Amino acid sequence: MKQKIVLIVMGLTLFILLGNARPIALFDADSNIIIIKRLEIEILGHSSVGKYKCVNSHPYKDTIYLNSKTKNRLKSKISMNNFECGNRTMNKDLRNTVKATQFPKSTVTITNIKPSGTDYKCSLNFHITDKNLSYKDLVLKNTKESLEGIVTVKFTDIGLEPPVKMGGLIKVKDKFVIHFILFK
């Protein structure tokens with residue numbers, strides 16, 4: 001009788017312990033691998049009437065291998081027609097400004113991703129309209145959910161004129177920010 005009780009108690013203990021077990025891979029996640037699930041690009045700027053924000057978010061699955069020769073490069077095509085600015089008029093104005101009918105896609109390429117403290121540094125290349133903008137040692141802020149980078153651009157850097165509306169009453173500033181977010 002005592003043996004049955006001991007076996008039952010040991011069996012229940014083993015069942016409870018194994019029921020709470022997790023695969024070892026969850027404990028030993030490889031810190032040299034970052035899995036990207038989605039890419040979001042925000043265009044942020046100012047005009048004579050206030051701030052504006054246009055967002056383009058799309059699924060993007062890729063893996064970054066740090067400290068490896070395997071792969072340390074991300075490349076994505078961005079549809080210029082998918083930016084959402086909050087209303088139809090602003091969406092249309094953005095598409096006209098970036099000449100979306102002539103240049104429907106832009107390309108973002110991130111290479112040479114390396115740890116830098118708790119964050120990362122990378123090289124970034126934007127192909128917007130028919131211009132290339134390149135940045136070296138750009139900081140990618142590392143958060144729990146994402147890697148985030150910010151670059152400041154001028155419309156004139158990419159051969160575009162900042163929009164002017166209503167006979168000059170509304171003027172968009174030449175300088176704007178591109179904020180890109182790689183969600184983990």
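Please read these numbers as outputs of a predicted model, since none were measured by experiment.
Under a 4.0 Å N-O distance rule, the pair D157/K131 does not qualify as a salt bridge. Note on K53 versus E42: salt bridge recorded, some NZ/NE/NH1/NH2 to OD/OE distance being below 4.0 Å.
The side-chain contact (heavy atoms from CB on, under 4.5 Å) test with V151 singles out one residue from I178, L133, V177, and that residue is I178.
A donor-acceptor pair is defined here as one N or O able to donate and one able to accept, closer than 3.5 Å; such a pair exists between the side chain of N56 and the backbone of S79. Remark: side-chain polar atoms of T143 are paired, donor with acceptor, to backbone N or O of S146 under 3.5 angstrom. A donor-acceptor pair under 3.5 Å is formed between the side chain of N72 and the backbone N or O of I113. A donor-acceptor contact shorter than 3.5 Å links the side chain of N91 to the backbone of C85. Checked by atom type and distance alone, the side chain of S48 pairs as donor or acceptor with a backbone atom of L169 at under 3.5 Å.
Remark: R38 is not positioned above the aromatic ring of Y60, lacking an NZ or CZ atom under 6.0 angstrom from the ring centre and at most 45 degrees off the axis.
A continuous path of Ile, Leu, Val, Met, Phe, Trp and Tyr side chains, each step under 4.5 Å between heavy atoms, connects L147 with I78, placing both in one hydrophobic cluster. Hydrophobic cluster membership differs between I36 and V55, with clusters built from Ile, Leu, Val, Met, Phe, Trp and Tyr side chains linked at under 4.5 angstrom.
Taking OG1 of T156 as the reference point, atom CG of D174 lies at 3.5 Å (rounded to 0.5 Å). To the nearest 0.5 Å, atom CD1 of residue I34 and atom OH of residue Y120 are 3.5 Å apart. Expressed to the nearest 0.5 Å, how far CD1 of I128 lies from CG of D130 amounts to 11.0 Å. Note that the NE2 atom of H179 and the CG atom of L44 stand 7.5 Å from one another [nearest 0.5 Å].
With hydrogens and angles left out, the side-chain atoms of N142 and K184 include a donor and acceptor closer than 3.5 Å. Using modelled atom types, one finds a donor on one side chain and an acceptor on the other under 3.5 Å when comparing H58 with S76.
The closest side-chain heavy-atom distance from I110 to L182 is below 4.5 Å.
Taking the six-membered ring where the residue is Trp, F155 and F176 present tilted rings, their angle falling between 30° and 60°.
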